[in-house]
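Chain letters run A, B, ... following the sequence lines, proteins first and then strands; every chain starts at 1.
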Amino acid sequence: MTDTVDTHDQLALRRARLGALREAGNAFPNDFRRDTLAADLRARFQDVDAEALEGDPARVRIAGRMMTRRVMGKASFAHLLDGSGERVQIYARADVLPEGVYEDFKRWDVGDILGAAGTVFRTRTGELSVKVDELRLLTKSLRPLPEKWHGLADTETRYRQRYLDLMMNESTRKTFEARARTVELVRRFLVDRGFLEVETPMMQAIPGGAVARPFVTHHNALGMDLYLRIAPELYLKRLVVGGLERVFEINRNFRNEGVSTQHNPEFTMLEFYQAYADYRDLMDLTEEMFRGVAQAVAGSPRVVYQGETLDFGKPFARMTVKESILHYNPGVKPQELESLDLASAVAGRLEIPVKPTWGLGKVQVEIFEKTVEHRLQDPTFVTAYPTEVSPLARRNDADPFVTDRFELFIAGREIANGFSELNDAEDQAERFRRQVAERDAGDLEAMYYDEDYVTALEYGLPPTAGEGVGIDRLVMLLTDSPSIRDVLLFPHLRSKA
RNA sequence: GGGCCGUUAGCUCAGUCGGUAGAGCUGCUGACUCUUAAUCAGUAGGUCGGAGGUUCGAGUCCUCCACGGCCCA
């Protein structure tokens with residue numbers, strides 16, 4: 001067999017070995033059943049000493065990918081990695097296995113998937129192991145694994161071939177387990193409070209609910225363009241109109257924008273809506289939810305992110321947009337934020353290119369984003385966003401220049417955005433008209449007029465508050481991941497030529 | 001879109017001043033019945049991301065392109 005194959009070509013050699021397996025019978029059997037995972041084995045026997053194991057031998061059936069292999073003549077050790085994320089060492093001996101099996105084993109490769117059965121014992125150095133008397137090759141691996149000691153380091157390969165990353169890097173597996181746990185906790189938190197989980201359209205005739213550029217697709221039979229949703233917001237509020245007074249959705253949004261360590265074209269958003277509540281209720285709810293999730297996922301309310309400690313345990317700071325600007329810009333006087341001319345002058349000093357279409361509210365928010373946002377480390381609610389930049393939020397009763405809205409910032413990034421909903425259909429219609437005017441003036445991110453949504457509002461949306469939470473960014477914080485790609489199993493990359 | 005950095009064996013990485021390609025792991029052959037980065041001996045393995053250019057000579061210098069990373073917009 002090997003003399004007809006280039007032995008330096010590992011792929012060809014393994015293909016030849018697979019060919020021999022095909023000759024010998026079924027090369028891809030699916031009749032082996034296991035009864036124990038590596039983690040179960042550890043949990044069950046970690047406190048049992050060698051003598052006790054010998055006196056009362058336990059039989060186990062395990063299966064997994066062979067990650068290491070040490071052949072020493074007529075005895076060998078190997079580690080099998082299974083779905084529990086842990087490894088079990090197996091001890092194979094020629095005189096314990098059935099005739100010929102040990103010789104077969106010596107022709108198997110690291111990366112192959114094996115099934116093994118035998119008795120649990122401890123080696124001289126104390127490692128829990130299985131002395132196998134049954135050993136089978138279940139799946140031949142044709143490609144060599146990355147290097148056993150350094151593992152897989154190449155970032156591009158880790159993203160493009162995530163399965164290798166998951167196999168070789170335990171921290172990657174842990175990150176995605178933490179992601180799943182985060183989503184699970186958020187879901188349970190909301191369900192426990194009477195929220196109903198729903199699914200709304202991913203393909204929308206009018207992309208609404210956020211300020212962003214959409215992806216366009218086409219429906220052939222209907223002969224119409226559709227947009228991948230940039231947010232589920234307007235559909236969820238239609239459901240509240242319909243009497244589903246507490247709803248949420250955890251699902252993908254799509255935004256046709258740049259790719260960065262903070263942005264992926266598709267990302268996961270939690271949105272939830274609660275009738276008979278306002279934005280302050282949601283700030284309280286969010287604080288409770290984040291505190292609980294941080295404790296459960298990171299193990300502490302104090303989360304270390306990229307060397308900085310983020311404290312989810314203490315009450316989250318709350319300040320208005322204007323207060324935060326004044327706090328972080330001691331040279332700016334309060335009056336300078338009260339007129340378009342003066343605020344534009346401040347923006348100019350900060351080298352913000354002010355566009356002629358901007359009103360005072362937009363200028364304030366630009367100043368905020370440039371000078372405040374990145375400095376908000378510990379969880380901080382920023383409130384009172386200008387109405388101008390909040391086309392779906394309810395105006396503040398005392399100051400209609402701003403809305404009853406907040407954004408939550410952690411580690412300098414926007415993590416959540418919530419507000420008391422605008423439920424005045426006529427005001428909403430007017431806000432849509434202003435958005436359309438901005439779109440006509442060249443702003444590709446401005447909203448479309450959604451007549452059907454206005455109609456829904458005309459039936460009456462109860463006083464409601466709603467919020468969106470960026471799940472990917474939350475998971476980044478909880479797993480100390482510097483890039484959004486580290487918390488997406490298959491992040492967007494250009495296709496290789 | 002701009003700047004900087006990277007791309008060399010299956011993997012992890014060296015490669016000096018421009019002088020004809022290196023290591024470890026992996027693989028292959030052999031030895032070895034408690035190893036765990038097993039050990040020991042021997043050995044194979046390269047379109048140096050791609051295309052052009054400069055040069056007697058390019059992994060190395062220049063240009064363009066592709067992909068990736070970080071920062072900025």
Side-chain angles (χ1 to χ4, degrees), chain A residues 1-17 38 50 53-54 66-81 86-97 101-103 105-112 118-133 141-165 167-169 213 257-264 306 350-355 366 369-370 373-374 412 481-486 490-497:
Chain A
M1 171 179 76
T2 52
D3 54 356
T4 64
V5 172
D6 261 349
T7 54
H8 76 265
D9 185 342
Q10 299 184 40
L11 181 59
L13 182 70
R14 288 177 178 221
R15 285 209 165 107
R17 286 173 172 168
L53 281 170
E54 206 174 337
M66 180 159 62
M67 301 303 288
T68 64
R69 197 172 74 120
R70 293 172 293 281
V71 176
M72 302 161 300
K74 294 189 172 54
S76 297
F77 287 93
H79 276 108
L80 302 189
L81 170 67
E86 297 189 19
R87 301 179 182 206
V88 188
Q89 180 170 257
I90 59 170
Y91 180 44
R93 282 173 52 148
D95 60 358
V96 173
L97 287 163
V101 173
Y102 188 77
E103 290 310 307
F105 167 79
K106 288 209 280 187
R107 282 191 295 273
W108 299 343
D109 294 294
V110 168
D112 287 353
T119 53
V120 180
F121 75 108
R122 276 187 193 279
T123 63
R124 222 168 263 165
T125 53
E127 179 169 348
L128 272 177
S129 305
V130 178
K131 183 184 285 186
V132 296
D133 48 47
S141 172
L142 294 176
R143 293 179 183 269
L145 254 34
E147 209 243 11
K148 63 183 173 186
W149 185 241
H150 298 93
L152 177 65
D154 182 72
T155 325
E156 191 173 349
T157 309
R158 287 184 48 222
Y159 296 153
R160 288 192 196 276
Q161 294 177 275
R162 183 67 90 180
Y163 47 90
L164 289 178
D165 189 26
M167 257 181 239
M168 303 306 297
N169 298 316
R213 296 184 64 175
E257 294 163 356
V259 176
S260 77
T261 53
Q262 308 294 318
H263 299 87
N264 197 66
Q306 302 295 289
L350 294 165
E351 295 175 353
I352 296 168
V354 177
K355 292 184 184 158
E366 290 287 329
E369 287 178 0
K370 172 107 181 190
E373 189 171 318
H374 64 278
S481 300
S483 169
I484 195 170
R485 296 179 204 105
D486 297 323
F490 299 100
H492 177 79
L493 299 176
R494 283 175 208 272
S495 20
K496 276 231 160 180

- Message: Suppose you measure atom C1' in B:C28 against the same atom in B:G45; what distance do you get, rounded to whole Å?
- Response: 10 Å

- Note on the structure: Note: A:Val259 and A:His492 closest approach over all heavy atoms is CG2-CD2, 4.2 Å

- Item | Rounded distance [0.5 Å steps], CZ in A:Arg143 versus CG in A:Asp109 | 14.0 Å

- Over all atoms of both residues, closest heavy-atom pair of A:Gln10 and A:Pro144: OE1-CB, 3.4 Å

- Task: Could you measure between the two C1' atoms, the one in B:G50 and the one in B:C56, and give it in whole Å?
- Result: 26 Å

- Under 3.5 Å, is there a donor-acceptor pair between the A:Gln89 and A:Arg70 side chains? yes

- Note on the structure: In whole angstroms, the gap separating C1' of B:U33 from CD of A:Gln89 amounts to 14 Å

- Task: May I have the distance from A:Glu127 (atom CD) to B:U35 (atom C1'), rounded to whole angstrom?
- Result: 9 Å

- Task: Pick the P atom in B:G15 and in B:C40, then give their distance to the nearest Å.
- Result: 27 Å

- Does the B:U26 base have a donor-acceptor partner in the side chain of A:Glu147 within less than 3.5 Å? no

- Query: So what does A:Val110 touch, heavy atoms closer than 4.0 Å: a base, only the sugar-phosphate, or nothing?
  - Reply: nothing

- Task: Could you measure between the two P atoms, the one in B:C48 and the one in B:C5, and give it in whole Å?
- Result: 23 Å

- Would you mind reading off the distance between A:Lys106 atom NZ and B:G27 atom C1', rounded to a whole angstrom? 17 Å

- Message: Taking the nucleotide of RNA chain B with the nearest heavy atom to each, does A:Thr68 or A:Pro144 sit closer to the 5' end?
- Response: A:Pro144

- Query: In dot-bracket, 5' to 3', how would RNA chain B read with Watson-Crick or G-U wobble pairs under 3.5 Å, [ ] for crossing ones and | for pairs to another strand?
  - Reply: (((((((..((((.....[..)))).(((((.......))))).....(((((..]....)))))))))))).

- Message: Quick check for you: to the nearest 0.5 Å, what is the distance between A:Arg122 atom CZ and A:Glu127 atom CD?
- Response: 9.5 Å

- Task: Report the nucleotide, chosen from B:U35, B:U33, B:U12, that has the shortest atom-to-atom distance to any side-chain atom of A:Ala153.
- Result: B:U12

- Name the closest nucleotide to the A:Leu152 side chain, picking from B:U26, B:C11, B:C34. B:C11

- Look at the side chain of A:Val71 and decide which nucleotide, out of B:U12, B:U33, B:C32, has an atom nearest to it. B:C32

- Message: Quick test of your reading of the model: are A:Lys74 and A:Asp95 salt-bridged, counting only N-O distances below 4.0 Å?
- Response: no

- Query: Does A:Lys148 have a side-chain nitrogen or oxygen under 4.0 Å from the phosphate oxygens OP1 or OP2 of B:U26?
  - Reply: yes

- Sticking with atom P, work out how far B:A21 lies from B:A58, rounded to a whole angstrom. 12 Å

- Message: I need the CG-P distance between A:Asp109 and B:G10, as an integer number of Å.
- Response: 16 Å

- How many Å lie between CZ on A:Arg69 and P on B:U39, as a whole number? 14 Å

- Item | Comparing A:Phe121 and A:Pro146 on RNA chain B - which has the more 5′ nearest nucleotide | A:Pro146

- Using a cut-off of 4.0 Å between protein heavy atoms and nucleotide atoms, how would you tag nucleotides 68-73 of chain B 5' to 3' with B, S and -? SSSS--

- Looking only at side-chain atoms of A:Arg93, point me to the closest of B:C34, B:U33, B:U12. B:U33

- Query: When you compare B:C65 with B:G46, how far apart are their P atoms, in angstrom units rounded to a whole number?
  - Reply: 32 Å

- Message: For A:Phe121, does the six-membered ring have the charged nitrogen or CZ of A:Lys131 within the cation-pi criterion, i.e. under 6.0 angstrom from the centroid and within 45° of the normal?
- Response: yes

- Spacing of A:Gln161 atom CD relative to B:C11 atom C1', expressed in whole Å: 12 Å

- Spacing of A:Met66 atom CE relative to B:U26 atom P, expressed in whole Å: 13 Å

- Query: On a whole-Å scale, what distance lies between the P atoms belonging to B:A37 and B:G52?
  - Reply: 48 Å

- Message: If you compare all heavy atoms of A:Leu142 against all heavy atoms of A:Leu11, which two are closest, and at what distance to 0.1 Å?
- Response: O-CD1, 3.1 Å

- Item | Flag for A:Ser76-A:Tyr102: side-chain donor and acceptor within less than 3.5 Å | yes

- In Å and rounded to the nearest 0.5 Å, what is the OG to NE2 distance from A:Ser129 to A:His79? 6.5 Å

- Pick base, sugar-phosphate or nothing for A:Asp154, based on heavy-atom distances below 4.0 Å to the nucleic acid. sugar-phosphate

- Atom-to-atom span, CZ of A:Arg143 to P of B:G10 - whole angstrom: 11 Å

- Query: Quantified in whole Å, what is the P atom distance between nucleotide B:G2 and nucleotide B:C17?
  - Reply: 31 Å

- Message: Counting the atoms with a prime plus P, OP1 and OP2 as sugar-phosphate, which does A:Tyr102 contact under 4.0 Å by heavy atoms, base, sugar-phosphate, or nothing?
- Response: nothing

- Kindly compute the distance separating NZ (A:Lys148) from OG1 (A:Thr68), expressed to the nearest 0.5 Å. 8.0 Å

